Amino acid sequence: MNFYNLTKKREIKLKYFLFFIIFLSLFEFEIVYAQNSAFTPGFGFVFPFGTSFGFISGTHVKLEFGKDFDESVFYGLGSDIIFTGIKWSKLNQIYKDSSSFIIPFYGTLRIRFPVSAPFSIFSNIGIGFSLLFDLVNPATNTTLVDNKMFLYKSFYWFFGVGIGFMLGSRTDGQIYLQLTNSNFSTNANDINYPFIDKFNMWYISIIFQIRFFKI
């Protein structure tokens, strides 16, 4: 391994560490200082579409923190991790389908609609900023190229609808469908690796959540 690749890997580890610190800071701020706050973790599946080369279906981990303004309106912050991959093998047989993950940071607003039913109906919107990390791997053993991580950036927005039902006096269960758009771009410039300067990515996520409120 040469010095350049070693330096790049150290940079990637540093980025992971910084993301962890940011996430931990948000968590501590909301839990320790917020009153009548709500914490909503979720896990589900993501189905990307909208690109010619294609993305791989994956998983969506969702974390939101915030406050209930009243019984119908919630506002807060979120930071997710979306695991997917790019089908580079469709464009170039030298490379495998990559492993990718997306980390969005966003503000969110949820509105609960009154219905005469044993469950609630709500909609959720959010806007923010997202980062996509794409790890490119050669399909065969070669000395010409090595594993390399590419960074993409994008404005991030989503719209979702879901149903909720009481689990306990301080918890709600939720089934949630989210449509998301990101218009990614990168400053990468390496002819030895596949990458697209800009692409518009859409994806649908089906997420199961538990909302802890009155923390």
Side-chain angles (χ1 to χ4, degrees), residues 19 23 26-27 30 37-66 68 72-88 90 97-135 152-168 170-184 199-213:
F19 286 137
F23 173 78
L26 287 174
F27 180 84
E30 289 294 335
S37 59
F39 167 51
T40 309
F43 178 84
F45 304 95
V46 59
F47 304 94
F49 63 96
T51 57
S52 59
F53 45 85
F55 270 76
I56 301 170
S57 300
T59 55
H60 190 150
V61 179
K62 194 172 185 68
L63 297 171
E64 292 181 353
F65 309 88
D68 288 314
S72 298
V73 177
F74 166 87
Y75 62 95
L77 300 173
S79 178
D80 301 355
I81 304 178
I82 301 164
F83 298 94
T84 179
I86 300 178
K87 296 182 178 179
W88 289 124
K90 291 182 62 177
D97 294 341
S98 64
S99 298
S100 306
F101 61 93
I102 303 169
I103 302 180
F105 302 92
Y106 55 87
T108 183
L109 177 67
R110 180 184 301 139
I111 299 176
R112 179 178 177 269
F113 302 101
V115 293
S116 299
F119 57 86
S120 62
I121 299 176
F122 64 91
S123 66
N124 198 20
I125 59 173
I127 57 173
F129 181 78
S130 63
L131 301 172
L132 185 152
F133 297 86
D134 184 49
L135 178 61
Y152 293 82
K153 304 175 183 178
S154 174
F155 175 76
Y156 177 90
W157 68 266
F158 66 83
F159 171 78
V161 293
I163 60 173
F165 44 91
M166 292 293 294
L167 294 177
R170 296 186 177 184
T171 55
D172 285 343
Q174 297 179 348
I175 302 175
Y176 180 64
L177 182 66
Q178 177 176 305
L179 174 66
T180 307
N181 177 252
S182 295
N183 192 13
F184 287 108
F199 59 89
N200 191 23
M201 179 181 178
W202 293 83
Y203 42 101
I204 293 177
S205 299
I206 301 174
I207 303 170
F208 304 91
Q209 303 179 149
I210 297 179
R211 181 171 176 268
F212 300 89
F213 57 95

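Computed over heavy atoms, backbone and side chain alike; hydrogens, waters and symmetry mates excluded. Because the structure is predicted, anything quoted here is derived from the model rather than measured.
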List the steps and the verdict of side-chain contact (heavy atoms from CB on, under 4.5 Å) for L77 and E64.
CA-CA 6 Å; L77 300 173; E64 292 181 353; over 6 Å; no

Let me confirm one number: the CZ-OG1 distance from F101 to T59, rounded to the nearest 0.5 Å.
12.0 Å

Is R211 close enough and on-axis enough to F74, meaning under 6.0 Å and within 45°, for cation-pi?
yes

Kindly indicate, with the supporting measurements, whether the criterion side-chain contact (heavy atoms from CB on, under 4.5 Å) is fulfilled by S182 and Y203.
CA-CA 9 Å; S182 295; Y203 42 101; 3.8 Å; yes

Would you name the heavy atoms of G128 and F155 that are closest together and state the gap between them?
O-CD1, 3.5 Å

Aromatic ring pairing F49/W202, orientation class (parallel under 30°, perpendicular over 60°, tilted between)
parallel

Can you see which heavy atom on F159 is nearest to which on S123, and at what distance?
CE1-CB, 4.2 Å

Working for side-chain contact (heavy atoms from CB on, under 4.5 Å), residues F122 and V161
CA-CA 6 Å; F122 64 91; V161 293; over 6 Å; no

To the nearest 0.5 Å, what is the distance between CG on L131 and OH on Y156?
12.0 Å

Side-chain donor or acceptor of T84 paired with backbone N/O of I56 under 3.5 Å
yes

Donor-acceptor pair, side chain of N181 and main chain of M201, under 3.5 angstrom:
yes

Which atom names give the shortest non-hydrogen contact between S120 and R112, and what distance separates them?
CB-NE, 3.3 Å

Give a yes or no on this: more than 12 heavy atoms of other residues, nucleotides or ligands lie within 6.0 Å of atom CD1 of I127.
no

Rounded distance (nearest 0.5 Å) linking atom OG of S100 with atom CD1 of I86
4.5 Å

With rounding to the nearest 0.5 Å, note down the distance linking CD1 in I111 to CD1 in I125.
6.5 Å

Would you say I206 has more than 12 foreign heavy atoms packed within less than 6.0 Å of its CD1?
no

Check step by step if side-chain contact (heavy atoms from CB on, under 4.5 Å) holds for S37 and F65.
CA-CA 7 Å; S37 59; F65 309 88; over 6 Å; no

Y106 vs F158 aromatic rings, parallel, tilted or perpendicular, using cut-offs 30° and 60°?
perpendicular

Which atoms form the tightest heavy-atom contact between V46 and P48, and what is the distance?
O-CD, 3.6 Å

Nearest heavy-atom contact between P41 and I210 is CD-O, 2.9 Å

Is a side-chain donor or acceptor of S154 paired with a backbone partner of N183 at a separation under 3.5 angstrom?
yes

dist I204:CD1 -> H60:NE2 (nearest 0.5 Å) comes out at 13.0 Å

To the nearest 0.5 angstrom, please state how far the CD atom of Q174 sits from the CZ atom of F165.
8.5 Å

